[in-house]
Amino acid sequence: MHSIRCLRRVINILHHINPTIHYSMASSTECSAGIIVIGDEILKGQTADTNSHFICKHLFSWGVKVKRVSVIGDDLQTIAKEISEFSQRFTHVITTGGIGPTHDDVTFEGVAKAFGDKLSPNPDIVKLCEEYFGADDMSSPKMKLAMVPSTARLVYGVSKKTGERNKFPLVVCKNVCVFPGVPSILERSFVTMEDLFKNPAGECYMEEIYVEKDEVSIAAVLNEFADKYRRVIALGSYPDFTNSFYKVKLTLESNNADVLCQAKQGLINKLPQGSVVNFDKDPVTNAADRVYSILQSNTVDKQFCDKLQHSINIIEQSLERYRLEEICIGFNGGKDCTAILHLFHAVIRRKYPDYTDKLRALYIRSKLPFPEVEKFIQISRDRYNLHMLNFNGRIRDCLGELHSLHPHIKAVVMGTRKTDPYSSHLEGFSMTDPDWPQLMRVNPMLNWSYSDVWFFLRSLYIPYCSLYDRGYTSLGSMNNTHPNPVLQYLDDRGVVCYRPAYQLQDDQKERDGRNT
């Protein structure tokens, strides 16, 4: 008790020496943060808040524990009250939004009111407003940005990559840091402020475990683990009902990396055997390393490795014959197209690691496409950085349009297999028929089987269309495609269900869900 009184006395003395710096008991025991998101547009649902997620993610990596996130409107009294309360409770208070030239931008005023301060023009910010905004006098709305609490200090972030100092400063009043609300501006500024926020006592470490079991079945193991490590590890359990590869994500957080590592392995040993999934959260970024590592693996069937190597050779040959701008990849959201898209992306990343332009993808839309397919194509477009070339109608007509609108494109990489209709005669490089628009069809996967495709997708954790988890094994249009009857079963309640496509045992039954 005596030591606590001494600590309080030291804090009071420091505060009298420099009232612009906030000291608290909380900062002596942990590094915490409270985030205040300010804006009527957030509360009305007119704008989505992405700032708090971005801030939380970075603060966690810097060892700062976010205790609360508050979303409030553009009301002066509410802003002042929230800032005052947060300032007393947390090491850092971070506000976003409410700074700008309009009448409802009152965050600076709210900060001043929270600490009994007043607004005054900051000479450095005045100069910046004159230089960048062309403001010529203090009555200009553009100068409102320069009116900050009189006790505020300016912090200039420094880029870790370039070492350059930010042109615009962060306004800090006591322990309150005032950030803009525009996500692109906030993100550029926030990442340069690591030294301001980073916990000097050390980082917070996190490990993740992905489990292919429902949460109820592993609850007893989790409860036992939480009781054993509650003082040193925070355990989180998050079910995922839509993921194709796992059912529960477990998070383990601790300030002690060694204890965390040992505890993680102990938990894995306690979970049902074979239930832990070596899930890859970012298979697209890791594509080149993961794909080429299969070729070196001692656990993968040699026959498949030979097929994979042949496919890579075909793609590499196409890159020698054609420039990247002369190639597009056929992509309609199906399993084969998804596999070849990922493989093509992996080879590109290995051969051209600095290539950043969009890859061209050809999508020929069917008459009645599944909404799930359309959604998956849009997600894949962003995931693989694709420039989609969309056409409607018969394939021959669409290729004619492609040839007319994009005459520089000379080859199309396709996910065709010899077991597909009218494909048994194809080679790795096959021109279209003479009476068709003349394009080279590049076919790296001709010798793959249905099982090969699913082994590739599942072993690399490549996202695929959700319809495949509902029993569809071959996708066409909504009017000619159904769940495969071979995968049908009755659950415990007698309800008709379908096993996922990758559980189909007989490759010859792949198209049993198609009318034609």
Side-chain angles (χ1 to χ4, degrees), residues 210 212 214 240-247 277-281 283-284 287 290-291 304 308 311 329-346 361 363-366 368-384 386 414-417 419-421 423 445 448-491 495-516:
Y210 297 89
E212 176 45 30
D214 63 77
D240 192 321
F241 301 104
T242 61
N243 194 280
S244 299
F245 301 100
Y246 68 87
K247 293 181 179 178
V277 178
N278 187 27
F279 182 66
D280 187 348
K281 293 192 299 182
V284 175
R290 293 294 299 272
V291 166
F304 177 76
L308 178 60
S311 299
I329 183 162
F331 183 62
N332 64 5
K335 61 186 183 302
D336 302 326
C337 291
T338 301
I340 196 61
L341 171 61
H342 192 82
L343 182 56
F344 186 67
H345 169 80
Y363 173 36
I364 298 178
R365 184 181 286 107
S366 65
L368 291 173
F370 285 92
E372 294 88 345
V373 172
E374 296 274 276
K375 180 179 179 181
F376 177 69
I377 288 174
Q378 292 177 7
I379 294 173
S380 299
R381 174 198 62 196
D382 299 334
R383 182 179 285 137
Y384 288 95
L386 303 177
M414 306 181 70
T416 306
R417 292 182 282 127
T419 54
D420 292 335
S423 302
M445 293 175 55
W448 287 35
S449 67
Y450 176 88
S451 301
D452 290 334
V453 173
W454 280 112
F455 173 78
F456 184 75
L457 294 174
R458 298 283 301 176
S459 63
L460 295 180
Y461 303 100
I462 301 168
Y464 52 81
C465 180
S466 62
L467 289 174
Y468 290 113
D469 285 334
R470 290 156 47 188
Y472 292 81
T473 54
S474 177
L475 297 181
S477 299
M478 291 181 65
N479 61 342
N480 68 6
T481 309
H482 312 281
N484 195 319
V486 178
L487 295 172
Q488 181 178 309
Y489 72 98
L490 296 178
D491 68 6
V495 177
V496 174
C497 300
Y498 292 88
R499 295 181 178 86
Y502 61 86
Q503 292 188 10
L504 183 68
Q505 298 297 315
D506 186 354
D507 287 8
Q508 302 301 317
K509 301 290 186 179
E510 174 184 354
R511 297 180 65 86
D512 279 16
R514 298 285 290 271
N515 293 346
T516 57

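A donor atom on one side chain and an acceptor atom on the other are found under 3.5 Å apart for Tyr363 and Glu374. Donor-acceptor pairing under 3.5 Å is lacking for the side chains of Asp469 and Ser466.
For the pair Thr473/Asp512, no side-chain contact is recorded, criterion being any heavy-atom separation below 4.5 Å from C-beta on. Ser244 has its side chain out of reach of Pro463: every pair of non-hydrogen atoms, C-beta onward, lies at least 4.5 Å apart. Counting only heavy atoms from C-beta outward, the side chains of Leu457 and Tyr502 never approach each other to under 4.5 Å. Residues Tyr450 and Thr419 are not in side-chain contact: their nearest non-hydrogen atoms beyond the backbone lie 4.5 Å or more apart. When side chains are defined from C-beta on, Met478 counts as touching Phe370, because their heavy atoms get closer than 4.5 Å. Within the 4.5 Å cutoff, side-chain heavy atoms of Arg417 are placed close to those of Asp420. Within the 4.5 Å cutoff, the side chain of Val496 has heavy atoms near those of the Leu490 side chain. Side-chain contact between Trp448 and Ser311 is present, with heavy atoms from C-beta onward closer than 4.5 Å.
Between Phe304 and Phe455, the angle of the ring planes goes over 60°, which puts this pair in the perpendicular group of the 30/60° scheme. Between His345 and Tyr384, the ring-plane angle classifies as perpendicular under the 30° and 60° cut-offs.
Looking at Arg514, its side chain never comes within 3.5 Å of a backbone N or O of His482 through a donor-acceptor pair. In this structure, Thr481 contributes its side chain and Leu475 its backbone to no donor-acceptor pair below 3.5 Å. No donor-acceptor pair closer than 3.5 Å links the side chain of Arg499 to the backbone N or O of Val486. Using a distance-only test at 3.5 Å, with no hydrogens or angles considered, a donor-acceptor pair links the side chain of Asn484 to the main chain of Lys509. Although no hydrogens or angles enter the test, the distance criterion places a donor-acceptor pair under 3.5 Å between the side chain of Ser449 and the main chain of Asp452. Ser423 contributes a side-chain N or O that, together with a main-chain N or O of Pro421, makes up a donor-acceptor pair within less than 3.5 Å.
Aromatic rings of Tyr464 and Trp454 (six-membered ring for Trp) have centroids within the 6.0 Å cut-off, being under it. The ring of Phe245 has its center no closer than 6.0 angstrom to the ring center of Tyr210.
To the nearest 0.5 Å, atoms CD1 (Ile377) and CG (Asn332) are separated by 6.5 Å. How far OG of Ser474 is from CG of Leu467: 11.5 Å, rounded to the nearest 0.5 Å. In this structure, CG on Asn479 lies 7.5 Å from CG on Asn515, to the nearest 0.5 angstrom. Of the inter-residue distances, the one linking Ile329 atom CD1 with Leu386 atom CG reads 8.0 Å to the nearest 0.5 angstrom. Remark: Thr242 OG1 to Lys247 NZ distance equals 13.0 Å, nearest 0.5 Å.
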* side chain to side chain contact (heavy atoms under 4.5 Å, CB included) between Val291 and Phe456, worked out -> CA-CA 9 Å; Val291 166; Phe456 184 75; 4.1 Å; yes
* Evaluation steps, side chain to side chain contact (heavy atoms under 4.5 Å, CB included), between Leu487 and Leu504 -> CA-CA 7 Å; Leu487 295 172; Leu504 183 68; 4.2 Å; yes
* Does the side chain to side chain contact (heavy atoms under 4.5 Å, CB included) test come out yes or no for Glu372 and Tyr468, once each step is laid out? -> CA-CA 10 Å; Glu372 294 88 345; Tyr468 290 113; over 6 Å; no
* To do: Please step through side chain to side chain donor-acceptor pair (under 3.5 Å) for the pair Tyr246 and Glu212, ending with a clear verdict.
  => CA-CA 4 Å; Tyr246 68 87; Glu212 176 45 30; over 6 Å; no
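Of all heavy-atom pairs between Tyr498 and Gly471, the closest is CB-CA, 3.7 Å. Taking both residues in full, the closest heavy atoms of Asp280 and Tyr461 are given as N-CD1, 3.7 Å, listed atom of the first, atom of the second, then distance. When all heavy atoms are compared, the tightest approach of Asp336 to Gly415 is CB-O, 3.3 Å.
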